[in-house]
Amino acid sequence: MQTATIGRKLVADLYGLWTFSPTLALRATASNLSASNYVVGSSVDGPDLQGIPVRETSRTTSPTYLNVQLRLELKL
């Protein structure tokens, strides 16, 4: 028997725009505010070559990161 587990990944974003004039604006964004680790795992049950029951498991943890961006926008 084989099973797989996939972790939950919550992503929240934040966005702001400040307009100083019709040709000048500042845009700020932040994405992945929670920045929690993403976990994936699997398990396999079955007999080995001698017929003895065994379980093989794996688990992978991948980090996620907060992304921040600041842009100055000029219209020509």
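Quick note: numbers below take in every heavy atom, side chains included, and nothing from hydrogens, waters or symmetry partners.
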Legend entry - Backbone of L74 reached by a side-chain donor or acceptor of T23 within 3.5 Å: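 No, because the side chain of T23 does not come within donor-acceptor range (under 3.5 Å) of the backbone of L74.
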Inset, instruction - Please confirm whether the backbone N or O of S36 pairs with a side-chain atom of T64, one donor and one acceptor, at under 3.5 Å? - result: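 Flag set: sc T64 to bb S36 pair under 3.5 Å.
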Rounded to the nearest 0.5 Å, how far does [atom2] of [Y] lie from [atom1] of [X]?
X   : Y   : atom1 : atom2 : result
W18 : L26 : CH2   : CG    : 6.5 Å
L33 : N67 : CG    : CG    : 9.5 Å
K75 : T19 : NZ    : OG1   : 7.5 Å
F20 : L72 : CZ    : CG    : 8.0 Å
L66 : S34 : CG    : OG    : 9.5 Å

Inset, instruction - Name all residues meeting the salt bridge (Lys or Arg N to Asp or Glu O under 4.0 Å) criterion together with R27; count only those two or more places apart in sequence or in a different chain, and write none if there are none. - result: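 With neighbours one apart ignored, the set is E73.
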Inset, instruction - State plainly whether one hydrophobic cluster holds both L14 and V68, where clusters connect Ile, Leu, Val, Met, Phe, Trp and Tyr through side-chain heavy atoms under 4.5 angstrom apart. - result: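 Yes, it is one cluster - the side chains of L14 and V68 are joined through contacts under 4.5 Å.
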Legend entry - Hphob cluster co-occupancy, V11 + Y15, side-chain heavy atoms under 4.5 angstrom: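 V11 and Y15: separate clusters.
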Inset, instruction - Would you please say whether a donor-acceptor pair under 3.5 Å links the side chains of S42 and S58? - result: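 Per modelled atom types, S42 and S58 side chains form a pair under 3.5 Å.
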Legend entry - Pairs meeting criterion salt bridge (Lys or Arg N to Asp or Glu O under 4.0 Å) with involvement of residues 39-49, two or more places apart: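 Every salt bridge (Lys or Arg N to Asp or Glu O under 4.0 Å) pair that includes a residue of residues 39-49, provided the two are not neighbours, is D45-R55.
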Legend entry - Closest heavy-atom pair and its distance - P63, N37: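 Answer, listing the atom of P63 first, then N37: CA-OD1, 3.4 Å.
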Legend entry - Nearest non-hydrogen partners of Y65 and N32, listed with the distance: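 Closest approach of Y65 to N32, heavy atoms only: O-ND2, 2.9 Å.
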Legend entry - Test side-chain hydrogen bond (donor to acceptor under 3.5 Å, both in side chains) applied to S62 - qualifying residues, sequence neighbours left out: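 For S62 there are no side-chain hydrogen bond (donor to acceptor under 3.5 Å, both in side chains) partners, ignoring immediate neighbours.
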